[in-house]
Amino acid sequence: MKAVAVVPSRRSVELRQIDAPRLDSPTSVRMRVLEVGVCGTDREICAMEYGTPPAGCDHLVIGHESLAEVVELGPEVTQVRLGDLVVPTVRRPCAHAHCVPCRTGRQDFCITGDFRERGIKELHGFMTEFVVDDQRTLNVLPHSLRGVGVLVEPLTIAEKAMLQVELLQQRLPWACTMQPGGRQFCHKAVVLGAGPVGLLGAMKLVASGFETWVYSRSDGERQAIVEAFGAHFVAAEEVPAEQLGRELGSIDLIYEAMGASQTSFAAMGALGTNGVFVFTGVPGRKAPVTVDTDLLMRNLVLKNQVVLGTVNAGAHAFAAAVADLQHFVASWPDVVPALISSRHPLERYDQLLLQRTPGVKHVIEVA
Ligand code: BGC
C-alpha cells in the first residue's frame, strides 16, 4: 500500500510502497484511512527539524490528524464496530512503571518523555491506506461528521486547554451571573493566531460563552470565518499586542495559537485580573527576544494570573471534541466545512508538506 514517509538519513520525503498492517492482538482494529489533515508539525518534520522513525526503521510514515473507517476487528474487540467512523489518539504511553500519568491513561502528561506519538515520534502515522491500532485508542464519531471529522484532533488541543482552565478557575468565583432567560457574556477571551488551532479554539470559546476576539495579521478569508461564528477580528497591523488590553478592556483568557514568542509575551502584558494565559504553540529556536519581565511578574502577582502550557490531548479531550464538533456544525453549518480549504490525493503530498499553500486547513484524501 502507499504511504507518505520521511527518510531522515536521506533528508527526503517520499511516496513509498509499504506492507499493509495486520491485526496484532485480540483487541486490535484495522482501519481504512479516509482523510489526514496537514499541520505545522508535519511541515516541520518534513523540514527535518524533528520526527523519529520507529526503532529499526529508516522511515517514518507521517500524519497524525486522521479520520478512518473500521474494516476488521480482533476477536475480543467490544468498543467499536465494522463501519464505524473513528479518530485514533496520537500519543501512546511510555513503558516506565513509575510514570503515573502513563500508567493511568494520561500519557498527555507523561513525565519521562519516552512516550511515542503516531506520525511524529517512533510510531508510524496515518498518511497511508490502512492502519492498525488497539480499540482503546479509538474515538467513535457519528457518521454525520464524515465531512469534518478530520478536525477532531486539532480541536482536542482547545478541549484539553479549556478542561484545565475550568479546573484552574475553580480557585475563585468565576461563573457568570446568569440573566433571567438567557446567557450573558461575562468573560473576554483573545485568541492569538487564526490558523486551524486558533480558529477551532475561538469556536470553542464562543460556544462556551466568551466574548471572543481573534488577533491575527489581516486576512479577509479568515476574518469572514471569525465573524461568521460570532467572534471579532483584531488586525495585528492596527493594534500592537501590548495594547490589546487598552483596546478591548480587561482580558480574562488569552489562548495562544501562533507559536510566536515575542508577540505572545507582549500580549501577556495585556492579560487582566485573575486571567489565564494558555500557550499551545511551539516556536522555533530563534535569537533571544526582549521581554518586560518586571511588568509580567508584577501582573502575575498583583493580578492573580496563571500561565499554562499544554500539549497533546487525552481521552476526555477527544470525547469533548467529538461532542463539540457536532455542536459547532449544528450552530454554524457553513462555517465549519469552510475551515477545510482544500483536499488533495496522497500523490500531491509534496505540495502540502514541502510548500506553503494559502488557506486554513489542507487535507489529504486517501479513500
Ligand atoms: C499534535 C499533538 C502532539 C504535538 C507534539 C501536535 O501537532 O497535535 O498531538 O502531541 O504536536 O508532538
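Numbering of ligands and ligand atoms starts at 1, following listing order.
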- With heavy atoms and a 4.0 Å threshold, my read on which part of Asn312 contacts ligand 1 is both
- Message: Both conditions, 6.0 Å and 45 degrees, for the charged tip of Arg91 above the ring of Phe115: are they met here?
- Response: yes
- Got a sec: does the CZ of Arg136 have more than 12 other heavy atoms crowding it under 6.0 Å? no
- Message: If the cut-off is 4.0 Å to any non-hydrogen atom of Glu153, which atoms of ligand 1 fall inside it?
- Response: 1 (C), 2 (C), 8 (O), 9 (O)
- Query: Is the number of heavy atoms from other residues, nucleotides or ligands under 6.0 Å of His232 NE2 greater than 12?
  - Reply: yes
- Nearest protein heavy-atom contact for atom 7 (O) of ligand 1: which residue, which atom, what distance? Thr41 OG1, 2.6 Å
- Message: Quick check with a 6.0 Å cut-off and a 45 degree axis cone: is Arg222 positioned over the face of Phe233's six-membered ring?
- Response: no
- Which ligand 1 atoms does Glu117 reach within 4.0 Å, using its non-hydrogen atoms? 3 (C), 5 (C), 10 (O), 12 (O)
